[in-house]
Amino acid sequence: MMKYEKYKSSGVEWIGDIPEHWEVKRIKYILKNPLKYGANEPAVDDDRNNPRYIRITDFGENEILRDDTFKSVKYEIAKNYLLKKGDILFARSGATVGKSFQFKNYNGLACYAGYLIKATPNAKIVISDFLSYYTKSISYDEWKENIFIQATIQNISAEKYDRLELPIPPLSEQTAIAQYLDAKTQAIDKKINLLTKKSETYKELRKSIINDAVCKGLGKNVKLQESEFAFPVNANWKRYRLKDLGYLYSGLSGKAGDDFNQDENPKNKGFIPFTNIANNIYLKANHLGTVVVYDNEKQNKVRKGDIFFLMSSEGYEDIGKTAALAEDIPDTYLNSFCKGYRITKKFCEPYFLNYLLLSDNYRKSLITEGKGFTRINLKMEKVTDFFVYLPPTKEEQTAIANYLDEKTQKIDAIVSNIGKQIDTLKELRKTLINDVVTGKIKVSEL
């Protein structure tokens, strides 16, 4: 890689040295207008004849808005917040705080929501593409981390964005840098997309294997029966309600934030966090958090073989998700957003039942029982009344669970390896962008 002839200190720790002829400016001095917050309107309209209402959840890959999240507002509301090609949107709070989106690949009218901040570059000082690329750099990420260190919550207001400092090359160099990064990042993105599609293919295969095994079994050409769901099941299997096989119990109650993660407290006990149920099939000792539980408290302890349900979630993706406890872990408890399910019938294999509840076929049926607006919730009776079809013997159920363990572990290993390749490419992309927009390397076109 080429370098510039002479460098100087930028005076900014996370930028480092920059080419001698570059400048460092605060973003407020390179914008056409002051930073502006978006409209505070509910996202309820989906009329495509009205201006699109852009929210953080609409930010797609490669600066393309997601079509599946389309919402709109009437022009009377949108007119004061309309976007122009080249505007940059910044998320100011939440899990995606600091994320940026360049508005350039949308042909219709669009405005933006209140949790976003609009920056309109002054074309006489900075081109939109260069500013956008800088907000995808390591230096920008380090600036965000510095902001978070100074605050108790992750929030970047317009006043904080105003103080963002960034290196500014001459306009001709900005154009060359943007064109160079367009070519290089598109090549990297193409590789990432191919790997992502490969990963999705394996994930779909995984779903198909689980669905077939928990609905039909391991035999060939099995006779099927119609279920009350929209899928057939093995004709030899028997229908039960979950309340016929076991019972639900509650997670922790009466706990405050200070009761968790007190590492030095002798009354510390293990507890199973919400996220670990969301992310795993089986739960083990290394998936635990800690919570203070005193001797006189009446709390439900978990047992090996228990199945845990996510009963409350911000969206439908997680609601009703289950995980099974695969180890004996003494003095361990369940978080309050979940319910434990304990099997009482000896003919029921918990690990088979867990796979059944995780299958797409059964999950789609259970998800429809979730209700709510700000949070989606499952009622206990909806879970206990839920129908499942089981093989007649525990031995057959165990054989299916073992088969699925073997198959899913192999697929998960492949998907994990693909994920590591994708992560490496994304890191390469970010490093390349950072080195070019901060002048650590000189593009050959200059």
Side-chain angles (χ1 to χ4, degrees), residues 25-137 140-141 143-144 147-148 151 153-164 166 178 185 314-315 373-374 433:
K25 293 180 180 290
R26 287 190 175 182
I27 195 172
K28 66 183 295 184
Y29 299 121
I30 63 171
L31 300 181
K32 188 176 182 180
N33 304 305
L35 292 168
K36 184 177 179 180
Y37 293 111
N40 286 310
E41 293 292 327
V44 294
D45 191 5
D46 57 3
D47 185 348
R48 291 182 181 261
N49 294 314
N50 287 331
R52 176 159 189 170
Y53 190 45
I54 298 176
R55 299 150 298 150
I56 297 170
T57 51
D58 299 322
F59 290 7
E61 296 295 327
N62 302 325
E63 317 299 346
I64 297 175
L65 293 168
R66 293 176 55 184
D67 189 63
D68 61 322
T69 58
F70 181 94
K71 291 294 179 182
S72 61
V73 293
K74 291 181 169 50
Y75 181 79
E76 290 72 22
I77 297 169
K79 65 182 180 181
N80 294 320
Y81 304 95
L82 290 176
L83 293 163
K84 294 181 180 179
K85 181 179 178 181
D87 284 345
I88 308 290
L89 294 174
F90 293 101
R92 64 185 178 100
S93 62
T96 56
V97 62
K99 187 173 183 179
S100 71
F101 181 83
Q102 185 185 25
F103 182 75
K104 65 175 184 179
N105 293 313
Y106 190 74
N107 293 325
L109 292 177
C111 66
Y112 58 106
Y115 283 98
L116 298 174
I117 300 173
K118 181 185 75 170
T120 302
N122 183 339
K124 295 180 179 179
I125 303 173
V126 63
I127 66 170
S128 175
D129 287 345
F130 179 85
L131 176 57
S132 177
Y133 272 121
Y134 184 78
T135 63
K136 309 296 191 294
S137 70
Y140 176 74
D141 287 347
W143 170 77
K144 287 192 299 180
I147 292 292
F148 300 152
I153 59 173
Q154 292 193 347
N155 181 294
I156 304 178
S157 63
E159 290 75 19
K160 291 175 182 175
Y161 274 116
D162 268 339
R163 295 195 291 272
L164 168 63
L166 63 158
T185 57
E314 292 181 356
F373 295 99
T374 57
I433 290 172

- [ ] Carefully, step by step, assess Asp58 and Arg52 under the rule side-chain contact (heavy atoms from CB on, under 4.5 Å).
- [x] CA-CA 10 Å; Asp58 299 322; Arg52 176 159 189 170; 3.5 Å; yes
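- In summary, of the residues considered (Thr69, Thr96, Val97, Leu89), a side-chain contact (heavy atoms from CB on, under 4.5 Å) with Ile56 occurs for Thr96 alone.
- Taking Asp141 as the reference, Lys144, Lys430 meet the salt bridge (charged side-chain N to carboxylate O under 4.0 Å, His left out) condition, with sequence neighbours excluded.
- Residues that satisfy the side-chain hydrogen bond (donor to acceptor under 3.5 Å, both in side chains) test with Glu159, not counting sequence neighbours, are Ser157.
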For residues 38-51, tabulate all N or O donor-acceptor pairs below 3.5 Å that involve a side-chain atom, not counting sequence neighbours.
from: Asp45; atom 1: OD1; to: Asp47; atom 2: N; distance (Å): 3.0
from: Asp45; atom 1: OD2; to: Asn50; atom 2: ND2; distance (Å): 3.2
from: Asp45; atom 1: OD2; to: Ser72; atom 2: OG; distance (Å): 3.4
from: Asp47; atom 1: OD1; to: Asn49; atom 2: N; distance (Å): 2.9
from: Asp47; atom 1: OD1; to: Asn49; atom 2: ND2; distance (Å): 3.4
from: Arg48; atom 1: NH1; to: Asp67; atom 2: OD1; distance (Å): 3.1
from: Arg48; atom 1: NH2; to: Asp67; atom 2: OD1; distance (Å): 3.4

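- Scored by the side-chain contact (heavy atoms from CB on, under 4.5 Å) test, Ala119 finds Leu31, Leu35, Ile88, Phe90 as partners (sequence neighbours excluded).
- To the nearest 0.5 Å, the span separating CG on Leu109 from CG on Leu82 amounts to 6.0 Å.
- Scored by the side-chain hydrogen bond (donor to acceptor under 3.5 Å, both in side chains) test, Ser137 finds no partners at all (sequence neighbours excluded).
- For residues 88-98, there are no salt bridge (Lys or Arg N to Asp or Glu O under 4.0 Å) pairs, not counting sequence neighbours.
- We find the CD1-CG distance between Ile54 and Leu83 to be 5.0 Å, quoted to the nearest 0.5 Å.
- With sequence neighbours excluded, no residue satisfies salt bridge (charged side-chain N to carboxylate O under 4.0 Å, His left out) with Lys71.
- Within the structure, the ring pair (Phe, Tyr, Trp, His ring centres under 6.0 Å) test picks out the following pairs touching residues 93-134 (sequence neighbours left out): Phe59-Phe101.
- With sequence neighbours left out, the salt bridge (charged side-chain N to carboxylate O under 4.0 Å, His left out) criterion links Lys104 to Asp129.
- Every residue meeting the salt bridge (charged side-chain N to carboxylate O under 4.0 Å, His left out) condition with Arg66, not counting sequence neighbours, appears here in chain and number order: Asp68.
- Residues Pro121 and Gly86 approach most closely at CD-O, 3.5 Å, considering heavy atoms.
- Once rounded to the nearest 0.5 Å, the distance linking CZ of Arg26 with OH of Tyr161 reads 16.0 Å.
- Contact check for Leu131 versus Leu166: side-chain heavy atoms found under the 4.5 Å cut-off.
- Residues Ile156 and Leu164 are not in side-chain contact: their nearest non-hydrogen atoms beyond the backbone lie 4.5 Å or more apart.
- Within the structure, side chain to side chain donor-acceptor pair (under 3.5 Å) contacts touching residues 79-91 (residues at least two apart or in different chains) are Asp87-Thr120.
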TODO: Evaluate side-chain contact (heavy atoms from CB on, under 4.5 Å) for Lys25 paired with Ile125, printing each intermediate quantity in order.
DONE: CA-CA 10 Å; Lys25 293 180 180 290; Ile125 303 173; 4.3 Å; yes
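- The backbone N or O of Glu63 lies less than 3.5 Å from no partner atom in the side chain of Gln102, so there is not a single donor-acceptor pair.
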